[in-house]
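In this text, all values refer to a predicted model and were calculated from it rather than measured experimentally. What you see below is based on every heavy atom in this structure, not just the backbone, and it leaves out hydrogens, waters and symmetry mates. In each ligand, atom 1 is the first atom listed, and ligand 1 is the first ligand listed.
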Amino acid sequence: MKILMVCLGNICRSPIAEGVLRVHALDADLPLTVDSCGFERYHLGDAPDKRAINVCKSHGVDISGLRQRLFKTEDFDRFDRIYVMDANNFNDVKRMARTPEDMKKVEFLMNVLHPNENKPVPDPYYGDSFDFENAFQLIDLACRAIVKSLIVRQTSSK
Ligand code: 4NP
């Protein structure tokens, strides 16, 4: 299973999601490929925002080695699921989709916890450390739920 996390900048929410999902998958011995990307080219090639690195570090997750990249059309082919953080990301991905099949892979991350509600992970970029902690907690709950559901799926297909 290959999962792509998408936000706008790819320096706050989606790298947190990449790091957190990878750690939970490793802890559960679940083979998972995880990546993240964004749509804003201003931080191309940069490490995640220091505040994102720090909130992850405080929860035992190291995302300091991740680097910003942009979403590309081939990502629809390379990944099984594409999780977006908010409606803007959803629309950005939709604009790149070639077929309805491409969009079948795309889901709001928070829909893992609240199906069909299309709730956002609020962008903490212009916020403070409370906003980063809040984003971390929302992402962490969703990533735990993703791993849980994949383990159930793996077990029932054996
Ligand atoms: P992110 O936050 O989408 O969670 O990575 C942002 C980071 C940077 C920018 C926007 C959002 N920016 O415009 O530079």
Side-chain angles (χ1 to χ4, degrees), residues 1-26 32-98 102-147 149:
M1 171 69 70
K2 294 179 182 157
I3 294 181
L4 181 64
M5 298 294 189
V6 180
C7 65
L8 175 60
N10 188 217
I11 56 166
C12 298
R13 294 165 294 174
S14 62
I16 293 174
E18 178 183 347
V20 167
L21 182 58
R22 189 172 287 134
V23 162
H24 290 322
L26 270 174
L32 207 58
T33 298
V34 193
D35 195 7
S36 67
C37 64
F39 281 87
E40 171 59 61
R41 56 179 63 246
Y42 185 67
H43 292 281
L44 205 59
D46 286 356
D49 187 286
K50 279 216 162 57
R51 297 163 297 172
I53 292 176
N54 287 339
V55 75
C56 282
K57 196 174 170 186
S58 75
H59 292 282
V61 179
D62 180 9
I63 62 165
S64 61
L66 303 184
R67 293 295 177 265
Q68 205 272 6
R69 78 161 174 93
L70 297 175
F71 183 90
K72 43 185 192 273
T73 312
E74 306 92 88
D75 287 324
F76 287 114
D77 304 321
R78 291 178 51 219
F79 293 91
D80 303 301
R81 289 188 194 170
I82 298 169
Y83 287 111
V84 298
M85 302 297 143
D86 63 31
N88 287 329
N89 313 150
F90 186 89
N91 290 329
D92 283 339
V93 172
K94 196 171 178 182
R95 228 172 283 124
M96 306 270 290
R98 301 154 299 185
D102 283 348
M103 282 312 286
K104 280 186 188 155
K105 298 183 172 184
V106 185
E107 182 61 285
F108 284 68
L109 181 64
M110 282 300 110
N111 281 0
V112 170
L113 302 172
H114 309 285
N116 304 315
E117 291 191 22
N118 298 352
K119 287 185 178 196
V121 177
D123 191 347
Y125 185 63
Y126 294 104
D128 57 21
S129 58
F130 175 85
D131 299 298
F132 275 85
E133 180 64 30
N134 181 55
F136 182 94
Q137 292 298 336
L138 292 174
I139 289 166
D140 187 53
L141 283 174
C143 290
R144 286 176 191 272
I146 290 170
V147 168
S149 73

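No side-chain donor-acceptor contact under 3.5 Å links Asp86 to the backbone of Val121. Counting only distance, with no hydrogens or angles, the side chain of Arg51 and the backbone of Tyr125 share a donor-acceptor pair below 3.5 Å.
The contact shell of ligand 1, taken as protein residues with any non-hydrogen atom closer than 4.0 angstrom, comprises Cys7, Leu8, Gly9, Asn10, Ile11, Cys12, Arg13, Glu40, His43, Asp123, Tyr125.
Ring orientation note: the planes of Phe71 and Phe76 are nearly perpendicular, at an angle over 60° on the 30°/60° scale.
Salt-bridge annotation for Asp123 and Arg13: present, with a side-chain N of the basic residue lying under 4.0 Å from a carboxylate O of the acidic one.
Asn118 and Asn111 form a side-chain donor-acceptor contact under 3.5 Å, judged by distance and modelled atom types alone. Using modelled atom types, one finds no donor on one side chain facing an acceptor on the other under 3.5 Å when comparing Asp49 with His43.
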